[in-house]
Amino acid sequence: MTAGEDRPVLTAHVTVASDPIGAIDRRLFGGFVEHLGRHVYDGIYEPGHPSADADGFRQDVIQLVKELGVTTIRYPGGNFVSGFRWEDSVGPRAERPRRLDLAWHSTETNEVGLHEFAGWLEKVGSELMLAVNLGTRGVTEALDLLEYTNIPGGTTTSELRRANGRDEPFDVRMWCLGNEMDGPWQLGHRSAEDYGKIAGMTAKAMRQLDPDLELVVCGSSARDMPTFGAWERTVLAHTYDDVDYISCHAYYSEREGDRASFLASGVDMDLFIEEVVAAADEVGAARGSDKRIRISFDEWNIWYIDRYHDEDKATGIGNWPIAPRILEDRYSVLDAVVFGSLMISLIKHADRVTSASLAQLVNVIAPIMTEPGGPAWRQTTFFPFATTSRLARGEAVRLELDVPGYETARYGTVPLVDAVATRDAEAGASAVFLVNRSQTDAVELRVDAATLGASRVVSAVTLTDDDLDAANTLEQPDRIGLAPNASAALADGTLTIVLPPVSWTAVELA
Ligand code: AHR
């Protein structure tokens with residue numbers, strides 16, 4: 001027991017590794033906007049809203065997106081992209097077609113398209129990352145889109161962009177070659193062999209147009225897909241020389257009341273990343289290649305997918321709603337703690353995961369919620385994301401934790417605490433991110449902070465609550481936030497901090 005605490009406190013030592021893991025790419029703090037539910041319409045775009053700007057975008061949402069600190073935003077899907085015709089989304093709005101969105105059984109009005117979305121990204125200060133449709137379309141349409149976005153002018157397609165009001169190219173650097181092509185739910189789903197071939201052809205063709213693109217080939221849409229592993233090896237065998245990244249997607253949720261396993265979701269994410277790295281390196285070794293494929297973890301989040309399957313979704317040949325309320329998960333304190341631990345996992349692999357996209361951003365499994373005509377608010381998951389994006393700068397630093405383990409049904413024995421540090425030598429700043437997965441015990445950590453070059457605690461904040469189900473809602477938008485962690489102290493090169501049970505913490509050091 002520690003003085004002043006009425007709960008048992010376990011103590012643990014943390015050693016800071018001297019070798020950095022790698023530089024943290026700012027793209028690790030990316031997001032994802034899909035034309036899905038109320039994400040675009042009645043989410044970021046609501047022309048009748050009191051806070052809407054001249055372009056119809058909600059400025060309260062823009063402010064929150066800025067505060068969240070999302071760097072690169074993947075667009076326009078997701079499953080949506082596999083049926084999307086990009087040409088529908090450009091040109092005079094009144095002439096844009098209304099289309100069936102088969103992925104989400106909705107109507108897409110195309111009122112917001114490429115130009116409008118790029119304009120919104122300028123307002124929020126994020127980079128555009130595009131996905132091409134390799135579900136129902138192929139090489140030609142991908143090339144047309146690339147010509148439209150990246151060629152300055154002088155050709156029919158690039159001049160069309162200029163005629164549509166955008167003189168300068170969009171100059172999109174990062175491109176996804178389709179979406180979740182391993183999933184039977186995907187329009188145009190195909191085998192690894194077939195997808196590898198079309199992805200390879202598309203990548204080669206796109207590079208002929210613009211050699212400096214950064215291309216992401218689809219990996220598995222979950223670690224428990226039956227084709228996981230074999231998919232990566234086959235797809236990369238066809239694309240290794242022509243792509244830079246392979247994608248990972250992962251969604252976690254508390255299943256059947258197994259809270260202990262849910263709290264250990266970061267273990268699954270760690271294994272997923274390490275297995276994909278191993279598969280990619282195996283392909284590289286077999287080819288005698290020095291090139292290393294990086295990971296774009298371009299969909300990750302907490303998602304109660306079973307709730308989506310139970311939702312009152314539109315069905316039937318005559319019912320295709322616009323912007324239906326679907327996938328509007330409400331995130332609890334517990335969810336946010338696990339979410340924070342997933343960010344720790346991403347940073348722990350900063351040497352190979354150099355891009356990631358939180359799926360998604362507004363209303364749809366999102367850190368930001370809105371009500372039509374009403375307020376916008378931060379979900380619990382907003383806080384770990386915004387804080388980590390703000391503080392995790394420079395290079396990632398491994399922490400060796402001497403902590404007890406606990407038993408989980410899914411992952412066996414798992415350490416009670418997970419953590420990572422970051423160090424920005426130029427700015428003279430460092431940070432430590434910690435999660436306590438214990439449901440009963442606080443943990444007092446002693447971190448050897450001298451290796452981090454730190455001599456002062458600037459701030460320490462913790463996300464926790466006695467009610468782990470508590471959430472921020474329309475009625476109570478500020479119920480949950482970060483609270484200062486007064487236990488944090490740095491003396492004689494040692495940072496001491498107490499982590500409450502089921503909590504996520506960030507410590508800013510100077
Ligand atoms: O993010 C929601 C959906 O999850 C995406 O559209 C799809 O790529 C994934 O299955």
Side-chain angles (χ1 to χ4, degrees), residues 30-41 43-44 70 72-84 99-106 108 117 129-136 174-190 195 199 216-228 231 235 245-253 269 272 295-311 313-314 323-331 335 339 342 355-369 379 381 385:
F32 172 35
V33 171
E34 178 165 5
H35 281 249
L36 194 184
R38 293 194 311 121
H39 199 160
V40 174
Y41 309 109
I44 66 173
V70 277
T72 307
I73 297 187
R74 181 170 174 253
Y75 178 81
N79 295 341
F80 170 81
V81 84
S82 294
F84 178 57
R99 298 284 189 197
L100 297 179
D101 166 10
L102 301 185
W104 304 106
H105 206 94
S106 320
E108 173 55 53
F117 189 70
M129 168 179 177
L130 278 179
V132 298
N133 175 356
L134 289 188
T136 58
M174 216 168 155
W175 294 78
C176 302
L177 301 167
N179 176 69
E180 294 191 347
M181 299 309 300
D182 63 324
W185 58 87
Q186 199 70 214
L187 268 175
H189 159 64
R190 54 200 80 186
Y195 170 67
V216 187
V217 73
C218 291
S220 294
S221 41
R223 184 170 172 245
D224 59 6
M225 291 297 286
T227 49
F228 174 54
W231 174 275
V235 165
Y245 293 88
I246 186 159
S247 68
C248 288
H249 290 183
Y251 293 99
Y252 297 96
S253 61
M269 192 185 236
F272 192 6
I295 291 179
S296 169
F297 215 120
D298 49 40
E299 287 189 33
W300 69 270
N301 201 352
I302 311 298
W303 180 12
Y304 288 83
I305 196 163
D306 293 345
R307 287 183 205 155
Y308 165 64
H309 292 307
D310 293 345
E311 269 172 3
K313 297 191 293 285
R325 279 186 190 258
I326 50 175
L327 277 77
E328 300 203 3
D329 284 20
R330 192 183 81 169
Y331 292 118
D335 295 329
F339 180 102
L342 299 178
S355 176
S357 309
L358 165 60
Q360 299 195 14
L361 204 55
V362 179
N363 288 333
V364 170
I365 47 174
I368 298 167
M369 296 300 290
Q379 291 237 54
T381 52
F385 192 99

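Read the numbers this way: they start at 1 and go in the same order the structure lists the ligands and their atoms. Because the structure is predicted, anything quoted here is derived from the model rather than measured.
- Looking only at distances, a side-chain donor or acceptor of Asp329 sits under 3.5 Å from a matching main-chain atom of Tyr304.
- Listed for the Asn301 side chain is no donor-acceptor partner under 3.5 Å among the backbone atoms of Ala366.
- Put simply, the side chain of Tyr251 does not reach to within 4.5 Å of the side chain of Ile305, judged on heavy atoms.
- Here Thr72 pairs with Glu127 under the side-chain hydrogen bond (donor to acceptor under 3.5 Å, both in side chains) rule; sequence neighbours left out.
- Using a 4.5 Å heavy-atom threshold, the side chains of Phe385 and Pro367 count as separate.
- Looking only at distances, a side-chain donor or acceptor of Tyr195 sits under 3.5 Å from a matching main-chain atom of Cys218.
- Within 4.0 Å of ligand 1, protein heavy atoms belong to Phe32, Glu34, Gly78, Asn79, Trp104, Asn179, Glu180, Tyr251, Glu299, Trp303, Gln360, Ile365, listed by chain and number.
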